[in-house]
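The block underneath contains the structure these notes are about, expressed in structure tokens.
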Amino acid sequence: MTAPAVSRLPKLDAQLLASGHKFPQEVAVAPPRELPEKVLQFGEGNFLRAFVDWMFARMNRRGSFAGRVVLVQPIAAGMAKQINGQDGLYTLILRGLSDGRIVEQREIVSAVSRCIDPYQEWDAFIACAANPDLRYVVSNTTEAGIKTDPADAPDARPAVSFPGKLTQILHARFQHFGGAADRGLVMLPCELIERNGDALARAVADTAGRWGLGDAFLRWLEEACLFTNTLVDRIVTGYPKDEAAELTAQLGYEDQLLVTGEVFHSWVIESRRPLEAELPFVAAGLDVTWTADMTPYRERKVRILNGAHTMTVLAAYLAGKETVRECMDDPVIRSYMQQGIEEEILPTLTLPRADLDAFARSVTERFSNPFIKHYLLSISLNSVSKYKARILGTVIDYQRKQGRLPPRLTFALAALIAFYRGREIRDGALIGRRDGADYRIQDDAAVLEAFRDAWQAAGDKPSPDACLALVRRLLGRADFWGQDLTATLPGFDAAVAQHLSDICTGGVRAALERVA
């Protein structure tokens, strides 16, 4: 007796969209159109597909952009085969909270035309330079990928680094169009580094100079091309492995490129030339901010979003929490975070208060997202440099404006020191203890050694005086904080030491309740 045939779901591709297949009502479907390729995108991963490509698709649905994105696989091993196997189509599921309500959006994104593997399809890659419709370059190749590589060569097929590949495209375009000023490209890098466009411009110019491509090309880069600085913000959780079978059954088709993320999105673009008319993101209802100076927006994100993470996660972990969502479900920890944001962080920022309040509300909603499991130990990596970058500037500005120290951000440093309590470095991590179980503290070796030695000197049950000595020893490390905090922030060491003593004697939960 033969087994019954197993019915297979159809695969998502252009043929399925053209077949009249009945998609679920909640899935927004916009069939792909034969639109010109206006965007060259270095990177085919989840983030760009759930962020930038989704934005271009939104504009296409409104008829305001009329262009598609050709992806470039940035390294030899990539996703070109899978993407082309689905004709560039994929499903994006966005989930989260909005005004306290659970929101879910499902749509098939159809802005991607194809994906080129330049390691196997060099001619197709370099031919993009001659496309008269090409106007924009998008990238997300990590911080390392925005640096030049000594192995790069102009005749490589392709160059090793992303700046090398981009230089090859730009120079080929310069040659094909005879250096025409109206054929320059607009770079929209999405790498999570400060002033990413400036870094990319330097990398391309350095590469062009090293390759001897000539002064005329360098002038064309400066005058005809535009390197914008951007700040991107959306949590993209990627392919939902744990839910894949259930979601596939709901969708009624197979999608190997299914990607999930949060509803919130923000893209701040700093440009020295006006671009809003040709890139009508805002008119399409997208949260894109055009500005001549992104500094206050970057400061808003770093101090509110990142600062709230850093001020909360270490104390919360010591208090028994595992995820950010658990923090938001705990009234004491939530109050501590919200009061820290509203009373200590927001008063130090320069954007209008209404803008800051709205951003702060979005942050607490994002942290409460039931669809995202963000582990505190993952966020705890390199917390010393994070405190310096995300919180220390707020502490300094707050004291200057208010004439006193911010109590919760001061407590946050005490919680950091308590979290970094350990006597043994094992496999590159300082080993801490919580409720009788080990946890790994990961940071630079010099940081871990300094905290280990300071805690060894303080003893198992440090007195208030021992806590003060420990704090002064650590706050005096200008190599950690960029300055000797015992000298530049009067009273900071004593305030941090008092909080640390409270944590050591009564536990972090009781200490949190005092400042929440």
Side-chain angles (χ1 to χ4, degrees), residues 306-327 330 333 336-337 340 367 373-392 395 408-462 466-482 485 492-493 496-497 499-512:
N306 303 128
H309 260 160
T310 299
M311 72 172 285
T312 306
V313 296
L314 305 182
Y317 182 80
L318 293 178
K321 306 303 177 184
E322 299 289 343
T323 67
V324 172
R325 173 71 189 280
E326 291 177 25
C327 297
D330 185 299
I333 297 174
Y336 161 77
M337 177 195 290
F367 289 172
K373 187 172 284 189
H374 206 168
Y375 288 98
L376 303 182
L377 279 183
S378 297
I379 305 171
S380 74
L381 304 182
N382 303 308
S383 283
V384 169
S385 61
K386 286 177 179 175
Y387 189 95
K388 174 188 173 186
R390 300 173 174 184
I391 295 180
L392 185 56
V395 173
R408 296 165 194 88
L409 298 182
T410 302
F411 174 85
L413 185 54
L416 183 155
I417 295 172
F419 179 86
Y420 272 59
R421 183 175 188 170
R423 294 197 169 195
E424 176 189 4
I425 296 176
R426 187 192 311 153
D427 298 326
L430 182 63
I431 306 303
R433 298 279 290 175
R434 185 191 72 168
D435 298 332
D438 290 351
Y439 64 89
R440 292 170 58 81
I441 306 160
Q442 295 180 274
D443 212 314
D444 290 342
V447 170
L448 299 181
E449 291 167 3
F451 276 82
R452 177 200 60 192
D453 295 346
W455 274 110
Q456 284 180 345
D460 291 335
K461 297 181 178 179
C467 286
L468 180 59
L470 182 155
V471 168
R472 284 177 173 167
R473 176 173 179 167
L474 294 172
L475 266 59
R477 293 291 299 259
D479 53 334
F480 294 169
W481 317 108
L485 296 179
F492 191 46
D493 51 0
V496 172
H499 288 306
L500 182 62
S501 180
D502 290 343
I503 292 171
C504 290
T505 55
V508 70
R509 179 79 188 187
L512 263 171

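Here, residue 1 is the first one in the sequence, and each next residue gets the next number.
Residues forming a side chain to side chain donor-acceptor pair (under 3.5 Å) with R477 (at least two apart in sequence, or on another chain): D479. Legend: residues meeting side-chain contact (heavy atoms from CB on, under 4.5 Å) with S501, ordered by chain and number and at least two apart, are P464, C467, T505. Residues passing the ring pair (Phe, Tyr, Trp, His ring centres under 6.0 Å) test with Y317 are F419, Y439, sequence neighbours excluded. Contacts of Y336 classified as ring pair (Phe, Tyr, Trp, His ring centres under 6.0 Å), with partners at least two apart in sequence or in another chain: F411. In terms of the side chain to side chain donor-acceptor pair (under 3.5 Å) criterion, residue partners of R390 (sequence neighbours excluded) are, by chain and number, T310. A search for side chain to side chain donor-acceptor pair (under 3.5 Å) contacts involving D438 returns R433, not counting sequence neighbours. For the side-chain contact (heavy atoms from CB on, under 4.5 Å) test, residues two or more places apart in sequence or in another chain that qualify with A454 are L470, R473, L474. With sequence neighbours excluded, the residues forming a ring pair (Phe, Tyr, Trp, His ring centres under 6.0 Å) with H309 are F367, H374, listed by chain and number. Residues meeting the side chain to side chain donor-acceptor pair (under 3.5 Å) test with D435, sequence neighbours left out: none.
Counting heavy atoms from C-beta on, the side chains of H499 and V471 never come closer than 4.5 Å. A 4.5 Å side-chain heavy-atom check between L376 and E326 finds every atom pair outside the cut-off. Here the side chains of D443 and Y420 are in contact, with some heavy-atom distance below 4.5 Å.
Scanning both residues, D502 and A511, for their nearest heavy atoms gives CB-CB, 4.2 Å. Contact between I503 and A418 at its shortest, heavy atoms only, is CG2-CB, 4.0 Å. Between Q442 and A429, the shortest heavy-atom distance links the atoms CG-CB, 4.1 Å. Pairing each heavy atom of R421 with each of C504, the nearest pair is NH1-SG, 4.0 Å. The minimum heavy-atom distance between W455 and P462, with the atom names listed, is CZ3-CG, 4.0 Å. Counting all heavy atoms, side chain and backbone alike, A446 lies closest to F480 at O-CZ, 3.7 Å.
The CE atom of M311 lies 7.5 Å from the CE atom of M337; values are rounded to the nearest 0.5 Å. Distance CG/L448 to CG/L430: 5.5 Å, rounded to 0.5 Å. Separation of atoms CD1 (I431) and CD (E424) is listed at 6.0 Å; rounding is to 0.5 Å. Going from atom CG of L413 over to atom CH2 of W481 covers 5.0 Å, rounded to the nearest 0.5 Å. The distance from atom CG of L512 to atom CD1 of I333, rounded to the nearest 0.5 Å, is 6.0 Å.
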Item to complete: Applying side chain to side chain contact (heavy atoms under 4.5 Å, CB included), run through L485 and V496 and close with a yes or a no.
Response: CA-CA 11 Å; L485 296 179; V496 172; over 6 Å; no
Can you give the donor-acceptor pairs under 3.5 Å from side chains of residues 378-386 to other protein atoms, not counting sequence neighbours?
{"unit_1": "S380", "atom_1": "OG", "unit_2": "L377", "atom_2": "O", "d": "2.7"}
{"unit_1": "S383", "atom_1": "OG", "unit_2": "S380", "atom_2": "O", "d": "2.7"}
{"unit_1": "S385", "atom_1": "OG", "unit_2": "N382", "atom_2": "O", "d": "3.0"}
{"unit_1": "K386", "atom_1": "NZ", "unit_2": "I379", "atom_2": "O", "d": "2.7"}
{"unit_1": "K386", "atom_1": "NZ", "unit_2": "L381", "atom_2": "O", "d": "2.9"}

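Applying the salt bridge (Lys or Arg N to Asp or Glu O under 4.0 Å) definition to pairs two or more places apart or across chains, those involving residues 308-323 are K321-D330, E322-R434. Within the structure, salt bridge (Lys or Arg N to Asp or Glu O under 4.0 Å) contacts touching residues 449-458 (residues at least two apart or in different chains) do not occur.
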